2 protein chains.
Amino acid sequence: MIEDNDQIPGLDAKASKLVASKGIFITAPKGAKVFEPGKKCELFYLLTCGSIRVQIVAESGREIVLYRVGPGAACVMTVSCLLGHSPYSGEGIVEQPLEGYAIGFPLFQELMSSSQGFRDSILGDYSERFIELVEVLEDVAFRPLESRLAARLLQLDNGFGIVPCTHQFLATDLGSAREVISRLLKRWEDRGLIALERGKINILLKNSLTNYKDHSRPG
Amino acid sequence: MIEDNDQIPGLDAKASKLVASKGIFITAPKGAKVFEPGKKCELFYLLTCGSIRVQIVAESGREIVLYRVGPGAACVMTVSCLLGHSPYSGEGIVEQPLEGYAIGFPLFQELMSSSQGFRDSILGDYSERFIELVEVLEDVAFRPLESRLAARLLQLDNGFGIVPCTHQFLATDLGSAREVISRLLKRWEDRGLIALERGKINILLKNSLTNYKDHSRPG
DNA sequence: TCAAAGTCGGTGACTTAGTCACAATATGAT
DNA sequence: ATCATATTGTGACTAAGTCACCGACTTTGA
């Protein structure tokens, strides 16, 4: 539970109090499914800690990550579904163990009309997520997979040229298929750019990877 | 110019007056480019008539339509760029000859803080466009082109089984390439589903097209 | 009315990406 | 050690996009 003098990230004192008193305190473990495609949307989430990964899923199992939600940020897909009374089109997976408050539509509306700060933050989140979503679409539709994979590897580099993740993780992250990622990585290994281990990728020639990355887009 | 007793679609009387007095009245012919990738965003548009097609463009020239803006609707990409002070990531093309008002950031903010109706309409537009954008992403990333093409043809059917458009139009609309569309159409023509003419497609077997459409997704 | 320029559609050859069906190997738990 | 599971490797195939053309039709202007 939240202390009296604590605040919920993204809310002012008054709104925090309202949510803490009328909302439902919730927790969820890593991997839990917060919502899924087709399900009706009835609750809005305000996180105090943890994070949720929001993604779309194909029948084939292929996934594309849309954005991630943490404390102080609103899940705009949830807002859209609440406002439009439409079912979810994506799924929300707990990535970091979660704590926060769930509120119903009436309380959500009360916050929207009473708190300028809440309104602004929702609008700001929409604004940012929208730009990002367009970027995801551009990447998926136009940018060569090779370039995106190189960019992601460099991004995930922990500073020592080591990327601790599976091929499946990368495939999901980029909205591709595991086999395709495996083949690209294998080709780079054959050329000496990287070294592959189970669950780990070692970057040997950072500069060459950067070339691949930039070949079709700055990142 | 707008009459005193007219209103700008989507705005209440007071806001209309404000925009009509402080905004710049603009017109643009079909095909005009309202904004383009990389350009700074400084004006917000309120249309009284006409429409704008908002799309992203690849280096190769391939395009994907994100949404269309008409009277009473806000161009959410413009809102995002205004709020985030970021450059446009897509381009806006006039599809139906345009009339309306352009307002600067200060006036936009004044409307946002003074008019509850304006705020609500912006938020509502975000909410709808967001859902639609996710749908576009799902289609482009997961749904077979054949299915999407069939759906679009049936959608464009004027009721007499005639679709008056070029292959290039369909390609742009679906975010594909002209040659690919031409080949799919040719195959359907060989099988007797459609008949092709220059700038026109005749649907012969509606039911078979519906099968293709539904083979991977309801529309 | 004729020719040039532009638009529209067709085609082959090639590359990239995704799908399907497996096999092989590594890891961890019991 | 053995079994279940997770991870990776591979071949064969299909779908989609790219590139480089060509030819056929339309519009326009001299």
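These figures come from a predicted structure and were not determined experimentally. Just so we're on the same page: letters track the sequence lines, and every chain starts at 1.
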**Student:** Regarding A/R68 and A/E95, does a basic nitrogen lie under 4.0 Å from an acidic carboxylate oxygen?
**Tutor:** yes

**Student:** Could you check whether the rings of A/F130 and B/Y126 sit parallel, tilted or perpendicular, using 30° and 60° as the cut-offs?
**Tutor:** perpendicular

**Student:** By nearest nucleotide on DNA chain D, pick out whichever of B/A177 and A/E197 is the more 5' one.
**Tutor:** A/E197

**Student:** Of all the choices, C/dA17, C/dT19, C/dT11, which nucleotide is nearest to the side chain of A/L145 once you look at every atom?
**Tutor:** C/dA17

**Student:** Could you give the CD-to-P distance, from B/E63 to D/dG17, as a whole number of Å?
**Tutor:** 14 Å

**Student:** Given C/dA17, C/dT11, D/dA16, identify the nucleotide with an atom nearest to the side chain of A/V180.
**Tutor:** C/dA17

**Student:** Students often get this wrong, so: under 4.0 angstrom with heavy atoms, is A/R62 touching a base, only sugar-phosphate, or nothing?
**Tutor:** sugar-phosphate

**Student:** Find the distance A/K186:NZ to C/dA24:P and express it as a whole number of Å.
**Tutor:** 16 Å

**Student:** In whole angstrom, what separates A/L185's CG from C/dA17's P?
**Tutor:** 13 Å

**Student:** Within this structure, what is the CD1-to-C1' distance between A/I181 and D/dT10, rounded to whole angstrom?
**Tutor:** 16 Å

**Student:** If the threshold is 4.0 Å, N to carboxylate O, is there a salt bridge linking B/E189 and B/R191?
**Tutor:** no

**Student:** Report yes if at least one side-chain N or O of B/T166 is closer than 4.0 Å to OP1 or OP2 of C/dC8; otherwise report no.
**Tutor:** no

**Student:** B/R143 CZ to C/dG18 P: how many Å, rounded?
**Tutor:** 18 Å

**Student:** A/E179 CD to D/dA15 P: how many Å, rounded?
**Tutor:** 17 Å

**Student:** Looking at C/dG10, D/dT18, C/dT19, which one has an atom nearest to any side-chain atom of B/R178?
**Tutor:** C/dG10

**Student:** Using only side-chain N and O atoms of A/S176, determine if any of them is under 4.0 Å from OP1 or OP2 of C/dG18.
**Tutor:** yes

**Student:** Checking only heavy atoms, does the side chain of A/R183 share a donor-acceptor pair with the base of C/dT19 at less than 3.5 Å?
**Tutor:** yes

**Student:** Salt bridge or not for B/E138 and B/R143, using N-O below 4.0 Å?
**Tutor:** no

**Student:** Quick one: the side chain of A/R198 and the base of D/dT5, do they pair up donor-acceptor inside 3.5 Å?
**Tutor:** no

**Student:** Would you mind reading off the distance between A/E146 atom CD and D/dG17 atom P, rounded to a whole angstrom?
**Tutor:** 18 Å

**Student:** According to a strict under-4.0 Å criterion, is B/H167 in side-chain N/O contact with OP1 or OP2 of C/dG10?
**Tutor:** yes

**Student:** Whole-Å distance between D/dC25 C1' and B/K200 NZ?
**Tutor:** 15 Å

**Student:** Side-chain contact, heavy-atom cut-off 4.5 Å: A/T48 with A/L46?
**Tutor:** no

